[in-house]
Amino acid sequence: MACSNTQTSYESVQCVPIPSTLTNSVVPPLPPDSDGKTLSFKASVLWNRLLLGTIEKANKQLEAIREIEAIRNKNAPDIGAK
């Protein structure tokens, strides 16, 4: 069995921070024109528009986080490389 001489070296990698605006909770809006007990059909239709806008905002935040993670993975050193 032969001995091998290995040397460990560390590389500095720039980490892209995730902006706090992307990690904030997306709070769904309250139903419009509601007394808290009942919801009219008209109010539910209006609320659906607001909720879809909230989902769209959350999806954009997730997409931006995925892009940041892709950049991080692209710039990360390959640990298993020889």
Side-chain angles (χ1 to χ4, degrees):
M1 187 182 333
C3 295
S4 63
N5 186 7
T6 60
Q7 181 179 359
T8 302
S9 63
Y10 298 94
E11 295 182 27
S12 176
V13 177
Q14 183 69 24
C15 184
V16 178
I18 296 178
S20 62
T21 55
L22 296 179
T23 58
N24 291 339
S25 295
V26 178
V27 180
L30 296 174
D33 303 327
S34 173
D35 60 7
K37 297 178 183 177
T38 60
L39 187 64
S40 69
F41 179 77
K42 178 183 175 184
S44 71
V45 172
L46 295 173
W47 194 25
N48 285 338
R49 290 184 68 192
L50 296 172
L51 291 173
L52 289 172
T54 302
I55 292 170
E56 183 178 355
K57 179 181 178 183
N59 283 337
K60 286 180 181 179
Q61 288 178 331
L62 291 172
E63 181 181 353
I65 290 171
R66 283 191 293 271
E67 289 173 5
I68 291 170
E69 289 296 321
I71 292 169
R72 284 182 179 175
N73 291 335
K74 179 181 171 186
N75 293 334
D78 188 5
I79 303 294
K82 293 185 179 182

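Heavy-atom basis, side chains included; hydrogens, waters and symmetry copies ignored. Treat the numbers as computed from the prediction; the structure is a model and nothing was measured. For the single chain, residues carry numbers from 1 onward in sequence order.
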Looking only at non-hydrogen atoms, find the nearest pair between Thr54 and Pro28 and report the distance.
CG2-CA, 4.1 Å
Scanning both residues in full, the closest heavy-atom pair of Trp47 with Leu39 reads CE3-CD2, 3.6 Å
How long is the span from the OG1 atom in Thr23 to the CD1 atom in Ile65, to the nearest 0.5 Å?
6.5 Å
Ignoring hydrogens, what is the shortest heavy-atom contact between Ile68 and Pro17? Give both atom names and the distance.
CD1-O, 4.2 Å
Atom CG of Leu46 and atom OG of Ser40: how far apart are they, to the nearest 0.5 Å?
8.0 Å
Does any non-hydrogen side-chain atom of Glu69 lie less than 4.5 Å from one of Ile18?
yes
Dump the intermediate steps for side-chain contact (heavy atoms from CB on, under 4.5 Å) on Val26 and Lys60, then the final yes or no.
CA-CA 11 Å; Val26 178; Lys60 286 180 181 179; over 6 Å; no
